[in-house]
Amino acid sequence: MKKHSILVGIFSVGLLVSCAVNPLTGKKTLNLVSNSELFPTSFAEYGTFLKENKVITGTTDARRVESVGIKIKLAAEKYLNYLGQKQYLDGYQWEYKLVDSKDVNAWCMPGGKIVVYSGILPITRDDAGLATVMGHEVSHALANHGAQRMSVGQLQQLGAVGVAVATGNKSAENQQIWQQAYGVTTQYGGMLPFSRNHETEADKIGLVLMAIAGYNPEEAIAFWTRMAANSNGQAPPEFLSTHPSDATRIANLKAMIPEAKATAAKFGMIYK
């Protein structure tokens, strides 16, 4: 059997055994990395990060991050229980830390490890703005976006091996051209759109979580409008970016809000 046939066989089997429906998106997702493999590494990296950075404790802002984080966590639990997926959060070890940094950023590692940088607080302004950010970041973890990106990265590398095998009888110059073409095609036609789709999924789930947690999802528009103003038009064109453009994101959010409100109403949270 030829090498490329073996690669195709491995690739096909991997796809068959690793695709599962995510309960929050309703979509089949590729996941070559299990939580039992991913979470220990995630927790260890989180611990290392906290040791190497200044964690803010005991302040009003630190307590706010903790308080809003707990509300988002409880919202996630309520929502997954409602979906009949209580076991989905098995292995999660929730933690919420405020870190001293001028970066306008926040993130959530697989397994519920959250960091909010102090630099984003002037833009979040209040609990609703913070809930928008934390709901979005938690949603990345709940949708297994980290594991999916790792899986797709592995497949991209496997594809590069396939290109190398398929062009092995060509000149070095031709092999380089094929590899460059493969890299550009998968990056701009695959990886970047894949990442932008993840951002949109996290926005949608995040709206639901913040609404269930008691924050009006309309406030997400105000936050992202402030974020757009903060960028001063310096963002790259959408097709070159891992994120949707500000205009696209805000338009998508406006379209998603009615569904978020309707879902929150099932939990007794009514927003006009």
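These numbers come from a predicted model, not from an experiment.
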Would you mind checking if E218 and K261 are paired as a salt bridge, meaning a charged N to carboxylate O distance below 4.0 Å?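 Between E218 and K261 there is a salt bridge, with a charged N closer than 4.0 Å to a carboxylate O.
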
So, E45 and K113, do they make that salt bridge, N to O below 4.0 Å?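 Salt bridge between E45 and K113, a charged N being under 4.0 Å from a carboxylate O: no.
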
For [X] against [Y], the heavy-atom pair lying closest together:
X    : Y    : result
S42  : P110 : OG-O, 2.7 Å
L80  : Y88  : CD1-CD2, 3.8 Å
Y117 : D103 : CB-O, 3.3 Å
L142 : W94  : CD2-CH2, 4.5 Å
G135 : L209 : O-CD1, 4.1 Å
A220 : T132 : CA-OG1, 3.6 Å

Could you walk me through whether V99 and K54 satisfy the side chain to side chain contact (heavy atoms under 4.5 Å, CB included) test, starting with their C-alpha distance in whole Å, then the side-chain angles of each, then the deciding distance to 0.1 Å, before giving a yes or no? CA-CA 6 Å; V99 169; K54 183 180 179 181; 5.7 Å; no

Are [X] and [Y] connected in the hydrophobic side-chain network, where two residues link if heavy atoms are under 4.5 Å apart?
X    : Y    : answer
I70  : I56  : yes
I250 : I123 : yes
I257 : F267 : yes
V138 : M269 : no
M134 : W107 : no

Is any side-chain heavy atom of [X] closer than 4.5 Å to a side-chain heavy atom of [Y]?
X    : Y    : answer
V115 : Y96  : no
I221 : K254 : yes
R249 : T200 : no
L130 : V116 : yes
Y92  : D90  : no
V133 : V68  : no
I114 : M109 : no
K97  : L50  : yes

Full working for side chain to side chain contact (heavy atoms under 4.5 Å, CB included) between L98 and R64: CA-CA 9 Å; L98 177 63; R64 174 177 290 172; over 6 Å; no

Please determine whether side chain to side chain contact (heavy atoms under 4.5 Å, CB included) holds for the pair N144 and N35, giving the CA-CA distance in whole Å, both sets of side-chain angles, and the decisive distance to 0.1 Å. CA-CA 9 Å; N144 286 331; N35 286 348; 4.0 Å; yes

Approximate separation, where rounding is to 0.5 Å, of [X] [atom1] and [Y] [atom2]:
X    : Y    : atom1 : atom2 : result
S118 : K102 : OG    : NZ    : 10.0 Å
K71  : K78  : NZ    : NZ    : 10.5 Å
N81  : Y79  : CG    : OH    : 12.5 Å
E219 : L207 : CD    : CG    : 11.5 Å
F223 : N230 : CZ    : CG    : 9.0 Å
T248 : D203 : OG1   : CG    : 11.0 Å

So, H136 versus E199: side-chain donor-acceptor pair below 3.5 Å or not?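 The criterion, which ignores hydrogens and geometry beyond distance, is satisfied for E199 and H136.
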
Answer yes or no: is there a donor N or O on one side and an acceptor on the other, between the side chain of [X] and the main chain of [Y], under 3.5 Å?
X    : Y    : value
N53  : F49  : yes
S67  : R63  : no
T263 : V208 : no
T124 : L121 : yes
D126 : G129 : yes

Begin with the C-alpha distance, continue with both residues' side-chain angles, and end with the deciding distance and a verdict on side chain to side chain contact (heavy atoms under 4.5 Å, CB included) for V55 and T57. CA-CA 6 Å; V55 178; T57 60; 4.0 Å; yes

May I ask you to check whether over 12 heavy atoms, not counting those of Q85, lie within 6.0 Å of atom CD?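 Yes, the 6.0 Å shell around CD holds more than 12 heavy atoms from other groups.
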
